[in-house]
Amino acid sequence: MAEAIVRTRFAPSPTGIMHIGNLRSALYEYLIARVAGGHFILRIEDTDRERLVEGAVEAIYKTLRTCGIHHDEGPDIGGPSAPYVQSERLPIYRRYANDLVKQGDAYPCFCSIERLASLHEEQSGDDFIGYDRHCREIDPAEAAARIEKGEQYVIRQKMPLLGETSFSDAVYGTITVDNKTLEDQVLIKSDGYPTYNFANVVDDHLMGITHVVRGSEYLSSTPKYNLLYETFGWEIPVYVHLPLIVGEDGRKLSKRHGATSFDELIEAGYLPEAIINMIAFLGWSPGNTTRENFTLEELESAFTISGISKAPAVFSYKKLDWMNEQYIKNMPEDTWIAMVKEKADTLFKDQPYDAAMLARVLKERTTRLSDIPDTIAFMVETPTYARDLFKLKRAKLNAEKAADILAALIPDMEALQSWDEASIHDLLEQTIATQNRKKGEIMGAVRLALSGRTVTPGGAIELAVILGRDVSLSHMKNALDFLNETDVTSE
RNA sequence: GGCCCGAUGGUCAAGCGGUCAAGACACCGCCCUUUCACGGCGGAAUCACGGGUUCGAUUCCCGUUCGGGUCACCA
């Protein structure tokens, strides 16, 4: 028999933000399908009506789209297993639940929330075995009558009391548990909606999901799902449980660790490509190479289930920084210039500037997009100076020399035919030769005059080009005035 | 607490009975250099512990410890 085509699904609940862990699940699910030439399905699990968040589904679409994780079937594009929204599939779950009740593998439970709550209190920690199966042996006829009368009820799965259940996971291997540790979990809630525990199994089967990929927090409830597959007589999928993503302190990644959602990461100035690359390597490695920079497209052929590790992975923002820098450095010129302009335009306003040169100097020095405004803020300010600013030890520059250099240089620069990199470069090199100066002296004096800063993105020539002739000359004159006005002899 | 899972430098990790235990991030030096970066070179740093199995264990088995997950009419 030929291998069935691989089908995976991303099944988020629309409860708000796209957490990094969710995104990684989506990514792995997508990759496992793509690598095998299979299909990736998007399914919305909105069975918890109290946690629904307005606009959450749109946010999910948007995130997947900007990451390049495209689904083959889903609520927005349809497909052979439609509908792909669980709230639109209620009759289906009901039918299967009823089947289970009929075969004696599930039963209606009339216990009140209050009773269940007191149950939990009594079983103070020690040997809590969950629901006490109070309604398990109610006579079916009686149960039917009570339902008929309109009594509230849920449907619970009847777990085997003896024996053990084991299943095989592609990452964690064979896992076996005693059936007596399994609770008679709720399949259908009293509001008629299915629980995740039931809906995921029914849908995964009906939608032909071959690889169930999800976080390892589902590992301990998987035996119960497995039992469901068995009682239905359905083929058991390949389980692929993913190690957790944790914060620096080893605990489940949460708010206090920093940005934890895709949106927050974007907001913080990271590129979608870098984020994807980063999370791809959180809990997975290619094994046969030491390469770490993979685009989504490359991952689509390189990804392997066997490369997934079992141990939880700490999310490192430092590594993300580095990853982001890599993507910025490798970005096509035009794309990068556009991104820089987006940040710079609002800052420069009417002041002209050379965006191409600005982008060039920023390319090797930008970690996060959001850092750009701060690093270039000085470019739209009129520099203020201090004599000490012009003291450069290595270049043997001091305020006095700087004054001489600027005084000699300004007329030449004013006379410059064309204000471009090559011309300015040539002029400065000439000056170095003519005045018999060190390169660092000339370059330093100019750079300091132009910026008023000891640290600048780009050197003298780049700054001059970015700022343009008028602003550059104006700053240099200001600097010269300052140097002349302050007391030289006191030095 | 019961059950389940995990454990290689600070972090991500390769390894899958015999290695001087890869690589990357971060860190520390040095070099390059018109500043800062970038880049290059080098450095420090790891098999949690105790028993087995074996000629030989990071690797296989069992404990211990530590960490995590899970015990809902949430997913």
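Each chain gets a letter, A, B and so on, in the order its sequence line appears, and its residues count up from 1.
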Give a yes/no on whether any side-chain N or O of [X] is located under 4.0 angstrom from OP1 or OP2 of [N].
X	N	value
A:S309	B:rA13	yes
A:H241	B:rC5	no
A:R291	B:rG23	no
A:T454	B:rU35	no
A:K319	B:rU11	no
A:K189	B:rC74	yes

Between [N] and [M], how many Å separate the two [atom1] atoms, rounded to a whole number?
N	M	atom1	value
B:rG18	B:rU33	C1'	48 Å
B:rU65	B:rC73	C1'	39 Å
B:rA21	B:rC47	P	11 Å
B:rC5	B:rG10	P	27 Å
B:rG15	B:rC74	P	42 Å
B:rU11	B:rC3	P	29 Å

Out of [options], which nucleotide sits closest to the side chain of [X]?
X	options	answer
A:V177	B:rA26, B:rC4, B:rC74	B:rC4
A:E364	B:rC12, B:rU34, B:rA37	B:rA37
A:T290	B:rC73, B:rG23, B:rU35	B:rG23
A:A313	B:rC73, B:rU34, B:rA13	B:rA13
A:E183	B:rC3, B:rC12, B:rA72	B:rA72
A:M443	B:rC12, B:rU34, B:rC73	B:rU34
A:E45	B:rA75, B:rA13, B:rC36	B:rA75
A:S285	B:rA14, B:rC73, B:rC12	B:rA14

Need one value for [X]: base, sugar-phosphate or nothing, where a base atom within 4.0 Å counts as base even if backbone is also close, heavy atoms only.
X	result
A:G283	sugar-phosphate
A:L116	base
A:I461	base
A:T176	sugar-phosphate
A:K438	nothing
A:V186	sugar-phosphate
A:N197	base
A:T289	nothing

Next item on the list: Return the 5'-most residue of the pair A:T47, A:R251 with respect to RNA chain B, ranking by each residue's nearest nucleotide.
Entry: A:R251
Margin query: Reading RNA chain B from 5' onward, which residue's closest nucleotide shows up sooner: A:T174 or A:P194?
Written below: A:T174
Next item on the list: Count the heavy atoms belonging to other residues, nucleotides or ligands that lie under 6.0 Å from NZ of A:K396, then report whether that count exceeds 12.
Entry: no
Margin query: Tell me whether the count of non-hydrogen atoms from other residues, nucleotides or ligands lying under 6.0 Å of CG in A:L162 goes above 12.
Written below: no
Note to self: I'd like to know if A:E248 pairs up with A:K318 as an ion pair, taking the criterion as any Lys NZ or Arg NE/NH1/NH2 lying under 4.0 Å from an Asp or Glu carboxylate oxygen.
What the structure shows: no
Next item on the list: Return the set of residues passing ring-ring contact (aromatic ring centres under 6.0 Å, His included) with A:Y317 (not counting sequence neighbours), or none when no residue passes.
Entry: A:F315
Check: Would you say the ring centroid of A:W284 lies under 6.0 angstrom from that of A:Y28?
Finding: no
Checklist line | A:F281-A:F294 aromatic ring centre distance below 6.0 Å | finding: yes
In the structure shown, which nucleotide is the Watson-Crick or G-U wobble counterpart of [N], with both distances under 3.5 Å?
N	result
B:rC41	B:rG29
B:rG1	B:rC71
B:rC36	none
B:rG6	B:rC66
B:rU53	none
B:rU19	none

Item checked: Length of the line joining A:D204:CG and B:rA75:P, which is rounded to integer Å -> 14 Å
Note to self: Please report the distance, rounded to the nearest Å, between CH2 in A:W284 and P in B:rA14.
What the structure shows: 11 Å
Notebook entry, point to check: Knowing that exactly one of A:E462, A:E325, A:E333 qualifies, which makes a salt bridge (Lys or Arg N to Asp or Glu O under 4.0 Å) with A:K363?
Noted result: A:E333
Any donor-acceptor pair under 3.5 Å between the side chain of [X] and the base of [N]?
X	N	result
A:R365	B:rC36	yes
A:R447	B:rU35	yes
A:R394	B:rU34	no

Margin query: Which residues pass the side chain to side chain contact (heavy atoms under 4.5 Å, CB included) test with A:N293, not counting sequence neighbours?
Written below: A:N277, A:W322, A:M323, A:Q326, A:Y327
Next item on the list: Not counting sequence neighbours, which residues clear side chain to side chain contact (heavy atoms under 4.5 Å, CB included) with A:P383? List them please.
Entry: A:Y385, A:H475
Check: Under a 4.0 Å heavy-atom cut-off, which of residues 217-228 of chain A touch RNA chain B?
Finding: A:E217, A:Y218, A:S220
Notebook entry, point to check: Got a sec, which pairs hit salt bridge (Lys or Arg N to Asp or Glu O under 4.0 Å) with one end in residues 449-460 of chain A, sequence neighbours left out?
Noted result: A:E381-A:R453
Next item on the list: Mind jotting down which residue pairs meet the salt bridge (Lys or Arg N to Asp or Glu O under 4.0 Å) criterion with at least one end in residues 440-451 of chain A? Sequence neighbours excluded, please.
Entry: A:K401-A:E441, A:R437-A:E441
Got a list of protein N/O to nucleotides 6-10 of chain B N/O distances below 3.5 Å?
none

Donor-acceptor pairs are to be reported for all side-chain atoms of residues 108-116 of chain A against protein atoms at under 3.5 Å, with residues two or more places apart or in another chain.
unit_1	atom_1	unit_2	atom_2	d
A:S112	OG	A:E114	OE1	3.4
A:S112	OG	A:R115	N	3.0
A:R115	NH1	A:D132	OD2	3.3
A:R115	NH2	A:D132	OD1	2.6
A:R115	NH2	A:D132	OD2	2.8

Next item on the list: With sequence neighbours excluded, give me every ring pair (Phe, Tyr, Trp, His ring centres under 6.0 Å) pair touching residues 155-193 of chain A.
Entry: A:F167-A:Y239
Next item on the list: Determine the sole option in A:R214, A:Q86, A:E45, A:H205 for which the side chain to side chain donor-acceptor pair (under 3.5 Å) test with A:N200 is passed.
Entry: A:R214
